[in-house]
Amino acid sequence: MPIQTLPTSPFHDQRPGTSGLRKKVTVFAQKHYLENFVQALFDVLPDASGLTLVVGGDGRYYNRVAVQTILRMAAAKGYARVLVGQGGILSTPAVSAVIRAYGASGGIVLSASHNPGGPDGDFGIKYNIGNGGPAPEKVTEAIFARSKELHEIRISDGADIALDVLGDTLLDGMQVSVIDSVATYAELMRTLFDFDAIRKLFASGFRLRYDAMNAVGGPYAKAILEGELGAPAGSVVNAVPLEDFGGLHPDPNPVNAEDLIGHMFAPDAPDMGAASDGDADRNMVVGRNFVVSPSDSLAVLAAHAKLVPGYAKGLAGVARSMPTSTAADRVAKSLGIPCFETPTGWKFFGNLLDADKVTLCGEESYGTGSNHVREKDGLWAVLFWINLVAASGKTVEALVRELWTEHGRCVYSRHDYEAIPTDKADTLMAGLRASLSSLPGTTVGGCAIALADDFAYTDPVDGSVSQKQGVRVILTDGSRVVFRLSGTGTEGATLRVYLERHEPDASRHDMEAQTALKPLVDLAETLAHIRALTGMEQPSVMT
Ligand code: VG1
Ligand code: CO
């Protein structure tokens, strides 16, 4: 029999995090570990006959092995067709675009995104539904429940598919189509942006440095920016996806993309710098001698969206994750459109986008996107910025300064405390939660607290409720401190402390962020006893 049913024992640790299941490669490499998750997924999904599935990943170590396994299991599930990116490569936004363009029933994204890769690094898997976006919580919870109880997996014993060769093959009656990894995505970008104006900008000498961090964004950025838009060869660096990202940590922020920052602050700096993460859904935009915060980026894109062909009719609304700064809210207010506040993670934007309640969304963690797909999209954001520069004639820095002049500056920083023992992190959060009701109306270290709660979200479209999405403490002047534990790490717990303060006074816009936020850092320490509980004097990363 070509389709085999193999006995197995369930795993109990496949709880999805903020963005799918992420574990060390060594965990994924255990016998039937990946199979267990995929079988749980397939058991939860309806019958697959006649349906198409999309499969692709960021090219990290274990990607190819995982693709072959998933193809065999998809054949056993009875899919009519699987579309797989050449070499097993598809960026996360490209998976979303392919699902939508081909009318697929869903897709499997193989990535641990910004987490390091390689044999000792991380691997991840996530299911996206037919709208192209991450499965909602009710689906991921059902997969988790099933993963803890299944006792057999179903898999074809067919031969490996030649993933590098474009074209169709049959695997136990299922059509496997190896597709160009970039084509569908590039086609979509052409419908959104003024490629002619961008071509003219590059022809006039505009210089860009795009750092793909040896991750999956490289082929997309090279094909579109250099191949199609005329950016000089070499504008895209670290452009070949490597299994271990060349040892780089493909998390585009000023700390991890240190080399790019160096170039952007050098005397001969290009006009604009950009970077994307492991699976190319995140972006960092840098001006000459000027770092753009992700929250400001979303606000600038929203403010000027009408300059870009794909958004010329204006925006239905915007959405931001709760810890993201309120800069977008201020722009939305002035545009007369709604701004939604969602929990962290892209899956919460899906319903708002589907219902056409919002057009743009973003997160403080270097994620920006729109209704063109149902994932955040790194290269899309960079193209949006270049299009704005071309259409407005303004520099990156001038666009951000204009935002500050008009709306004040939302001074912002995130402090991460990584690899804390899980019990200590849980104690810290429990202590905070226990103190919440006593805080409003009190003054702590000179900070007058107006509101303190554990963020809960009711989806305005389907009414589903998500509790415990982060502790927030809001001061009477609107300043905020937010505490939550990361849901994407693979080692102990990571505490994220998000700090925001609104600064209307233009003479203080250039104040160093950590200095401007010092009173809030002190407040965070007083409320959460971070040093005592974690034993850490300083955050591991400040962005
Ligand atoms: C982090 C970010 C969150 C983002 C998620 C997935 O989650 O904070 O904003 O949506 O990563 O991004 P957490 O739970 O670790 O804070 V990606 O590019 O890693 O898929
Ligand atoms: Co990512």
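None of these values were measured; they are calculated from a predicted model. Whatever order the structure lists ligands and atoms in, that order sets their numbers, starting from 1.
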- With Asn283 as reference, evaluate Leu383, Thr368, Asp277, Val292 under the side chain to side chain contact (heavy atoms under 4.5 Å, CB included) test and give the passing residue. Thr368
- Under a 4.0 Å heavy-atom limit, does Ser365 contact ligand 1 with its side chain, its backbone, both, or neither? side chain
- Exercise: identify the closest heavy-atom pair between Val318 and Ala332: CG2-CB, 3.8 Å
- Message: Closer than 4.0 Å to some heavy atom of Gly487 - which atoms of ligand 1 meet that?
- Response: 13 (P), 14 (O), 15 (O)
- Item | Results of salt bridge (charged side-chain N to carboxylate O under 4.0 Å, His left out) for Asp462 - residues two or more places apart only | none
- Lys222 atom NZ, neighbour heavy-atom count above 12 within 6.0 Å: yes
- Query: Considering all heavy atoms of both residues, which atom of Thr494 and which atom of Glu418 are nearest to each other, and what is their separation?
  - Reply: OG1-CA, 3.7 Å
- Does any N or O atom in Trp346 lie less than 3.5 angstrom from one in ligand 1, N or O only? no
- Item | Nitrogen or oxygen of Gly489 less than 3.5 angstrom from that of ligand 1 | no
- Item | Distance filter under 4.0 Å to Arg484 heavy atoms, resulting ligand 1 atoms | 13 (P), 14 (O), 16 (O)
- Checking heavy atoms under 4.0 Å, the part of Lys347 that sits near ligand 1 is neither
- Does the side chain of Asn63 come under 3.5 Å of the side chain of Glu243 through a donor N or O and an acceptor N or O? no
- Message: Tell me whether Gly367 reaches ligand 1 (any heavy atom closer than 4.0 angstrom to a ligand atom).
- Response: no
- Query: Between Phe123 and Tyr61, does the ring centre distance come in under 6.0 Å?
  - Reply: no
- Between the side chains of Thr326 and Arg330, does any donor sit under 3.5 Å from an acceptor? yes
- Item | Under 4.0 Å to a heavy atom of Glu363 - the qualifying atoms of ligand 1, by number | 3 (C), 4 (C), 9 (O), 10 (O)
- Measure from the Co ion (ligand 2) to every N/O/S atom of Asp277 and report the name of the nearest one. OD2
- Message: Does either side chain, that of Ser111 or that of Asp58, offer a donor lying less than 3.5 Å from an acceptor on the other one?
- Response: yes
- Check Asp277 against ligand 1 and report side chain, backbone, both or neither, counting heavy atoms closer than 4.0 Å. side chain
- Angle subtended at the Co ion (ligand 2) by Asp279 OD1 and Asp281 OD1, rounded to 10 degrees: 90°
- Report, in ascending order of atom number, the atoms of ligand 1 lying under 4.0 Å from any heavy atom of Arg496. 8 (O), 13 (P), 15 (O), 16 (O)
- Which atoms of ligand 1 have any heavy atom of Ser19 under 4.0 Å away? 6 (C), 20 (O)
- Item | Under 4.0 Å to a heavy atom of Gly345 - the qualifying atoms of ligand 1, by number | 10 (O)
- Query: Short list, please: which atoms of ligand 1 are under 4.0 Å from a heavy atom of Ser113?
  - Reply: 17 (V), 18 (O), 19 (O), 20 (O)
- Query: Can you find an N or O of Arg282 that's nearer than 3.5 Å to an N or O of ligand 1?
  - Reply: yes
- Message: Can you confirm whether the side chains of Ser466 and Glu137 place a donor and an acceptor under 3.5 Å from each other?
- Response: yes
- Task: Answer with side chain, backbone, both or neither: which part of Thr18 has a heavy atom less than 4.0 angstrom from an atom of ligand 1?
- Result: side chain
- Tyr412 and Ser325 have their tightest heavy-atom pair at CD1-CB, 3.6 Å
- Query: Quick one: does Arg22 get within less than 4.0 Å of ligand 1, heavy atoms only?
  - Reply: yes
- Note on the structure: Check: of Thr494, Thr488, Leu485, min heavy-atom distance to atom 15 (O) of ligand 1 comes from Thr488
- Do any of the N/O/S atoms of Ser113, backbone or side chain, fall under 2.8 Å from the Co ion (ligand 2)? yes
- Item | Atoms of ligand 1, numbered as shown, that sit under 4.0 Å from any heavy atom of His114 | 11 (O), 17 (V), 19 (O)
- Message: So, 4.0 Å and heavy atoms of Arg414: is ligand 1 close enough to count as a contact?
- Response: yes
- Message: Pairs of nitrogen or oxygen atoms closer than 3.5 Å, one from Thr344 and one from ligand 1: do any exist?
- Response: no
- May I ask you to establish whether Lys24 and Phe28 are in a cation-pi arrangement, using a distance under 6.0 Å from NZ or CZ to the six-membered ring centre and at most 45° from the ring axis? no
- Test item: side-chain donor near acceptor, Thr490 and Arg22, under 3.5 Å: no
- Item | Ring geometry between Tyr311 and Phe193 (parallel below 30°, tilted from 30 to 60°, perpendicular above 60°) | tilted
